[in-house]
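Since the structure comes first, as structure tokens, the remarks are kept for the end.
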Number of protein chains: 2
Amino acid sequence: MDVALKAIADPRRREILRLVWSKELPASDIASHFHDVTRSAVSQHLGVLRNANLVCERRDANRRLYRANVEEMANLRTFLDQYWSGRLNRLKSAAEAAQRDKDARNG
Amino acid sequence: MDVALKAIADPRRREILRLVWSKELPASDIASHFHDVTRSAVSQHLGVLRNANLVCERRDANRRLYRANVEEMANLRTFLDQYWSGRLNRLKSAAEAAQRDKDARNG
DNA sequence: TGCTTACGTAAGGCGCAACTTAAATACGAA
DNA sequence: TTCGTATTTAAGTTGCGCCTTACGTAAGCA
């Protein structure tokens, strides 16, 4: 999950995700959308997104077609929703507060 | 918004946010929660979070009390929800597709 | 005034992440 | 096979982020 968060922390990668959100695109089309960076750089960004499971890759002859993995994006959203304010978090906070109190008494 | 995303991309800062989510804490308490890093490092993380408007700071004599800015966190969540699948995005995508088609015809 | 506590800030080290160019790989076509 | 296209991968540079140590600042107290 950390990998996914670091992936979307980069504006270039967010733009790529937006490009392939609703339609499949070959790497060349994605790359040609950025005029200030080489194809190689875009390819490496795609590698990061692929590694974070945020995009799917499909081969078509010469080309590689990319598409956003909407399901994984949804997982990321629910994680963000629940990390801070979910039930698990409240339990964990209480446990850690107790641990800190204990440490403070014994330290 | 980019600042906020980069801020929560770091696991240490996410942990800090979780610590001050439901209760106000002085910087020293936050720092003492991390045993593998100095107070200075934690202070710098707090600076990043403050700069991203993800935490509020309140002074009490000697100390500085921190608390998560839940409202800004909610803004971040809605941004994440709408960035990829919102109406603005659909319009922007259509415009860019048209531009690419135009470029393809003229190039 | 001095001392202590609780912080932030400055300066520098170090690793990683993003980029470039150049080379390698994969595929289709001649 | 040879060539051209599409793309990744390798190698190297550079800048930025996280860290530490050292110093500065603000507040309370003797």
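Remember, it's a predicted structure, so these values are computed and weren't measured experimentally.
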Original post:
Closest approach of B/Arg13 and B/Lys6, non-hydrogen atoms and distance?
Top reply: NH2-O, 3.3 Å
Original post:
Where is the tightest heavy-atom contact between A/Arg39 and A/Ser28, given as atom of each residue plus distance?
Top reply: NH1-CB, 3.6 Å
**OP:** For B/Asp60 and D/dA26, give me the distance from atom CG to atom P, rounded to whole Å.
**Re:** 17 Å
Subject >> A/Glu57 CD - D/dA6 P separation (whole Å) >> reply: 16 Å
**OP:** Would you name the heavy atoms of B/Leu46 and B/Val55 that are closest together and state the gap between them?
**Re:** O-CG2, 4.3 Å
Original post:
Between A/Phe34 (CZ) and D/dT7 (P), how many Å, whole number?
Top reply: 15 Å
Original post:
How long is the line joining CD1 of A/Ile30 and P of D/dT7, in whole Å?
Top reply: 9 Å
Original post:
So, is B/Arg12 near the phosphate of D/dC19, with a side-chain N or O under 4.0 Å from OP1 or OP2?
Top reply: yes
Subject >> Residue closer to the 5' end of DNA chain D, B/Asp36 versus B/Asn62 (nearest nucleotide) >> reply: B/Asp36
**OP:** Let me know, please, whether B/Pro26 or A/Asp10 comes out on the 5' side of the other along DNA chain C by nearest nucleotide.
**Re:** B/Pro26
Subject >> Touch class at under 4.0 angstrom, heavy-atom based, for B/Thr38 against every strand present >> reply: base
**OP:** Take A/Asp81 and A/Arg77 through the test side chain to side chain contact (heavy atoms under 4.5 Å, CB included) and record every step on the way to the result.
**Re:** CA-CA 6 Å; A/Asp81 274 4; A/Arg77 185 180 97 81; 3.4 Å; yes
**OP:** Extract, from 5' to 3' on DNA chain C, the first and final nucleotides lying under 4.0 angstrom from some heavy atom of chain A.
**Re:** C/dA18 to C/dG28
Original post:
CG of A/Leu65 versus P of D/dT8: gap in Å, rounded?
Top reply: 11 Å
Original post:
Would you say B/Arg50 has more than 12 foreign heavy atoms packed within less than 6.0 Å of its CZ?
Top reply: yes
Original post:
So which heavy atom on A/Trp21 is nearest to which on B/Ser85, and how close?
Top reply: NE1-CB, 3.8 Å
Original post:
Between D/dT8 and A/Tyr66, is there an OP1 or OP2 to side-chain N/O distance shorter than 4.0 Å?
Top reply: yes
Subject >> Nearest-0.5 Å distance that lies between atom CD in A/Glu15 and atom CG in A/Asp10 >> reply: 11.0 Å
Original post:
Can you check whether A/Leu5 reaches A/Leu80 side chain to side chain, under 4.5 Å on heavy atoms?
Top reply: yes
Subject >> Minimal non-hydrogen separation, B/Tyr66 against B/Ile30, with atom names >> reply: CB-CD1, 4.0 Å
**OP:** Go through residues 39-53 of chain B and report each residue with a non-hydrogen atom lying under 4.0 Å from DNA chain C, sorted by number.
**Re:** B/Ser40, B/Ser43, B/Gln44, B/Arg50
